[in-house]
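In what follows, every heavy atom counts, from backbone to side chain, and hydrogens, waters and symmetry copies are set aside.
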Amino acid sequence: MMKIANVSTPEVFVLLGFSAQPSLEPVLFTVVLGFYIVSVLGNGIIVLVSCVDKHLRTPMYFFLVNLSFLDISFTTSIVPQLLTNLWGPQRTISYGGCVTQFYISHWLGATECVLLAVMAYDRYAAICRPLRYTVIMSPRCCIVLAFTSWLGGLSTSLVGSTLTVLLPLCGNNRIDHFFCEMPLIMQLACVDTSLNEVEMYLASFIFVVLPLGLILLSYGHIARAVLKIRSAEGRRKAFNTCSSHMAVVSLFYGSIIFMYLQPAKSNSHEQGKFIALFYTVVTPVLNPLIYTLRNKDVKNALKHIMLENCCGFSGK
């Protein structure tokens, strides 16, 4: 029995990553490290500012804190291992490390889809139901929506990832990617994976397609409400309220759609790695930039905190 287990479950996986382009790896190491540091700092600043400044204790910034914490966790689950593989000749990851990686990345990826839909609903309530906004988005409701997002992502990860772990791999351990992803592990299996594929498509519909539909529906109502506003200033303010979230949604879903709509060719697979690198490393950096550069409240709060801590200035 022990011998069969050893054949079925490899001790390590080989992450091929960008090994086909060895001259590119030092450049990628530098770029990825830089983006990772900026991502952690940028998202960390948003979490800190939103928690410290009392003016940012609103539903929108509560969900933004969740998104920033999620981005830090997601990149941290993938990037350190990627940097290790880019830096040295070792391109391996332990079986336990690989399983942990796809459990966490699957959990956080699904959570982000639901969380973006919740944030779209928050913007819908703010613009289309302004008089009842504080009642609709009460502190208890916000906590329930955030908890549901995290719990929903965790539940689909536990189901899908566990079904993947149960697949016998018969010693296959070479993954043509830079991190462990559920579909790639399924490709290594030496048995029929129909059940896993059905679960994956069902989960993708519930946690990717449905949230996208809810986002589009929310913004459809928002667009109709904005068009009814007579003043140009009012329309501009309403648009600015949603523009940051729209930009983040476009980046997140745009990269996913572009990656999964590619033809199944070897060169497309290599392009897919770079697209995966984009939403894994670059998108978490852009999110805090979008919300700070396009958001006057965050910029003012950041300036206020810096003045208080660096200059001892205290103002109302």
Side-chain angles (χ1 to χ4, degrees), residues 1-22 24-26 28-33 35-37 39-40 69-112 150 153-191 193 195-197 199-200 203 259 269-270 272-277 279-281 284:
M1 290 296 292
M2 183 62 70
K3 188 175 180 180
I4 295 173
N6 288 338
V7 170
S8 300
T9 305
E11 293 183 2
V12 296
F13 286 97
V14 178
L15 295 172
L16 298 179
F18 302 95
S19 56
Q21 300 168 297
L24 191 61
E25 289 186 322
L28 284 176
F29 176 87
T30 305
V31 172
V32 169
L33 178 61
F35 271 96
Y36 178 61
I37 292 170
S39 172
V40 172
F69 178 74
L70 187 151
D71 281 339
I72 293 172
S73 304
F74 183 72
T75 53
T76 302
S77 71
I78 293 173
V79 170
Q81 181 64 49
L82 170 60
L83 291 173
T84 301
N85 292 350
L86 288 173
W87 179 254
Q90 279 298 96
R91 303 185 189 280
T92 58
I93 180 172
S94 68
Y95 176 81
C98 186
V99 169
T100 302
Q101 194 175 74
F102 68 71
Y103 262 101
I104 293 175
S105 61
H106 189 187
W107 171 26
L108 298 178
T111 300
E112 183 159 2
W150 288 93
L154 178 61
S155 64
T156 188
S157 176
L158 287 175
V159 173
S161 300
T162 302
L163 286 174
T164 304
V165 168
L166 294 174
L167 291 172
L169 305 181
C170 301
N172 299 323
N173 70 338
R174 295 172 68 83
I175 301 173
D176 193 9
H177 214 303
F178 61 84
F179 71 101
C180 294
E181 200 175 25
M182 234 172 49
L184 297 172
I185 303 296
M186 286 164 55
Q187 290 175 14
L188 300 179
C190 52
V191 294
T193 59
L195 177 63
N196 300 72
E197 290 170 12
E199 187 280 331
M200 187 175 66
M259 184 173 67
H269 182 70
E270 290 299 316
K273 291 180 187 179
F274 285 98
I275 297 167
L277 192 67
Y279 77 73
T280 302
V281 178

From NE2 (His177) to CD1 (Ile78), nearest 0.5 Å | 9.0 Å
Mind checking whether Phe18 and Phe274 have ring centres under 6.0 Å apart?
-> yes
Would you check if Thr76 and Tyr36 make a side-chain contact, meaning some heavy-atom pair closer than 4.5 Å?
-> yes
Validation: residues 82-90 side-chain donor-acceptor distances under 3.5 Å, sequence neighbours left out:
residue, atom, partner, partner atom, Å
Thr84, OG1, Pro80, O, 2.9
Asn85, OD1, Gln81, NE2, 3.1
Gln90, NE2, Thr92, OG1, 3.3

Listed partners of Ile37 passing side chain to side chain contact (heavy atoms under 4.5 Å, CB included), at least two apart | Leu33, Leu41
Are any of the side-chain heavy atoms of Ile175 and Leu188 separated by less than 4.5 Å?
-> yes
To the nearest 0.5 Å, what is the distance between CG (Asn172) and CZ (Phe13)?
-> 9.0 Å
Cys180 SG to Tyr103 OH distance, which is reported to the nearest 0.5 Å | 13.0 Å
Which residues satisfy the side chain to side chain contact (heavy atoms under 4.5 Å, CB included) test with Leu154, sequence neighbours excluded?
-> Trp107, Leu158
Is the closest side-chain heavy-atom distance between Thr164 and Met200 below 4.5 Å?
-> no
Under 3.5 Å, is there a donor-acceptor pair linking the side chains of Ser105 and Gln101?
-> no
Between the CH2 atom in Trp150 and the CZ atom in Phe69, the distance rounded to the nearest 0.5 Å is 5.5 Å
